[in-house]
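Here is the structure we will look at.
Predicted model only: the values in this text are computed from it and were never measured.
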Amino acid sequence: MKYFWFGLFSVCLLTCLVGNVKASEVEEGFVSLFNGTNLDGWTIEEGESGAFKVMKGAIFASGDENYPTWLRSDSKYENFDLRFEFYREGWCNSGVFFHAPLHGRNSRVGFEIQIDQIKGEKIAVKTCGAIFGVVPPKVNPIGPDKTWNTGRIVMDWPMLKVWMNDQLVQDVNVEEYDELKYRLRDGYIGLQALGYNVWFRNLRIKELPSKEREQWIELFNGKNFDGWYFENENGKNAKIPATWTVQDGVIHAQNGTNYLVTKGEWEDFEFHTYFRTKKHANGGVFVRWNTLEGGDRGNEIQIENIPDSNYPTGSLYNIVRAIQPRYKDEEWSLMQIRLQGSHLVVRVNGETCVDTQKMPTVRKGHISLQMHKYNSWIDFKELKVKPL
């Protein structure tokens, strides 16, 4: 008899999971993100292949994998209307990411809308519907266990609106929040695995007009140093020049000291790059650079992952010491630099480590990458700039 009831429960559960919207049934202007059959269009990041699977027309996070495992859309999205459904049996913790980066902490570099399990839980920054860690939801929207919940996220920068189970849980201008206004405005959609069973289905999206994507200028073509030039130290005190190569779309610098400089110049801008370092490497990103000769190098944003360094990673070298950002050597991290007049903001992996009005050099200049240590290396990739 127990096998009968178990079989009946399984049939009921799987029947409940059926119901993915077919491509022909998607609302006008929307594109389906999930075909109901397999994970085409998605990539599992930081986890094994079984972390997410398809069960009866739904994406199933098996609970076998935990943070930082997530499922990433193959495409990036800037402004959009995203709709989906999610299901949990009971105790559950998960989330939906957007503007997520390729590397780094999604919920800080980009955004996470929280999925939580407790119906009637006190409103907090971790309650279902929260912009995780920053803005609590207006109400707790979660439905009863073992029922499908609906979700909708409309991002039209800077306005963000979120509904769950037809209840408005977020209606915010993200630029009014210090913890949100410098986050990425473009990135991947993602589903989070945190060691609990959770199902997703009916994922579909409608892209809204872009507001900034076309403003970004790619600085590195992934093949060679077109658009860049080198500057080496000269004279009797000159250090051994570093070696710079391009490997698999990555700029690799090692063993010495010199500079790779953009041919273009900018005064006020945002600059993004992923960087990766050998333990105790030393280098940096110079902004408003003029020339090495005569020492007119603009100002340096330091790269040195040493907690006791006078100027650790993110510091405005020799002027403002950074709040030490959390990242690991030999893993990719995102550095964001925003410079407008004397106002400088530096973020590493979604943490603001410098926010100062003490930028001394205010003029147009180049951007320069520095390698500054023998028997060491630094990698850079996906370098881009947006004039302000």
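Phe111 and Trp157 have perpendicular rings, their planes meeting at more than 60° on a 0 to 90° scale where under 30° would count as parallel. Using cut-offs of 30° and 60° on the angle between ring planes, the pair His252 and Trp377 is tilted.
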Step by step, work out the side-chain contact (heavy atoms from CB on, under 4.5 Å) result for Leu383 and Leu369.
CA-CA 11 Å; Leu383 303 96; Leu369 310 180; 3.8 Å; yes

In sequence, state the C-alpha distance, the side-chain angles, and the governing distance for Lys211 and Asn79, and then conclude on side-chain contact (heavy atoms from CB on, under 4.5 Å).
CA-CA 8 Å; Lys211 295 179 180 177; Asn79 297 313; 3.7 Å; yes

Decide yes or no on side-chain hydrogen bond (donor to acceptor under 3.5 Å, both in side chains) for Glu293 and Thr291, but give the supporting numbers first.
CA-CA 5 Å; Glu293 185 176 352; Thr291 179; 5.1 Å; no

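For the pair Arg201 and Trp148, the cation-pi criterion (under 6.0 Å, within 45° of the ring axis) is fulfilled. For the pair Lys381 and Trp332, the cation-pi test (distance below 6.0 Å, angle within 45°) is passed.
Annotation: ring-ring contact (aromatic ring centres under 6.0 Å, His included) contacts involving residues 340-374, sequence neighbours excluded, comprise Tyr229-His366. Each ring-ring contact (aromatic ring centres under 6.0 Å, His included) pair with one or both residues in residues 282-331, not counting sequence neighbours, appears once here: Tyr259-Phe286, Tyr259-Trp289, Phe275-Tyr327, Phe286-Trp289, Tyr311-Tyr317.
In this model, no donor atom of one side chain and acceptor atom of the other lie less than 3.5 Å apart for Gln254 and Thr243. Under 3.5 Å, the side chains of Trp244 and Asn258 contain a donor-acceptor pair of N or O atoms. No hydrogens or angles considered: a donor-acceptor pair under 3.5 Å links the side chains of Asn305 and Gln324.
The existence of a salt bridge linking Arg326 and Glu351 is confirmed by a sub-4.0 Å separation between a basic side-chain nitrogen and an acidic carboxylate oxygen. Of the charged side-chain nitrogens involved, none lies within less than 4.0 Å of a carboxylate oxygen, so that Lys206 and Asp81 do not count as a salt-bridged pair. Arg213 and Asp186 are joined by a salt bridge, as a carboxylate oxygen and a charged side-chain nitrogen come within less than 4.0 angstrom of each other. Contact check on Asp171 versus Lys138 returns no salt bridge, with no Lys/Arg side-chain nitrogen under 4.0 Å from an Asp/Glu carboxylate oxygen. For Lys364 and Glu265, the salt-bridge test fails: no basic side-chain N is under 4.0 Å from an acidic carboxylate O. One finds a salt bridge joining Arg363 and Asp296 here, because a Lys/Arg side-chain nitrogen approaches an Asp/Glu carboxylate oxygen to under 4.0 Å. Salt bridge annotation for Lys386-Glu270: present, with a cationic side-chain nitrogen under 4.0 angstrom from a carboxylate oxygen. We find that Arg288 and Asp268 are joined by a salt bridge, their nearest charged nitrogen and carboxylate oxygen being less than 4.0 Å apart.
A heavy-atom distance below 4.5 Å is not found between the side chains of Pro137 and Cys128. The shortest side-chain heavy-atom distance between Met155 and His99 falls under the 4.5 Å cut-off. Side chains of Val354 and Gln302 form no contact here, defined as non-hydrogen atoms less than 4.5 Å apart. Counting heavy atoms from C-beta outward, Arg338 and Leu388 have side chains that approach closer than 4.5 Å.
The side-chain contact (heavy atoms from CB on, under 4.5 Å) test with Glu89 singles out one residue from Val198, Asp145, Asn197, and that residue is Asn197. The side-chain contact (heavy atoms from CB on, under 4.5 Å) with Leu191 is formed by just one residue from the set Phe34, Phe97, Phe52; it is Phe52.
Counted within 6.0 Å of CD on Gln215, heavy atoms from surrounding residues, nucleotides or ligands total more than 12; the atom is thus considered enclosed.
Aromatic rings of Tyr188 and Phe98 (six-membered ring for Trp) have centroids beyond the 6.0 Å cut-off, not under it.
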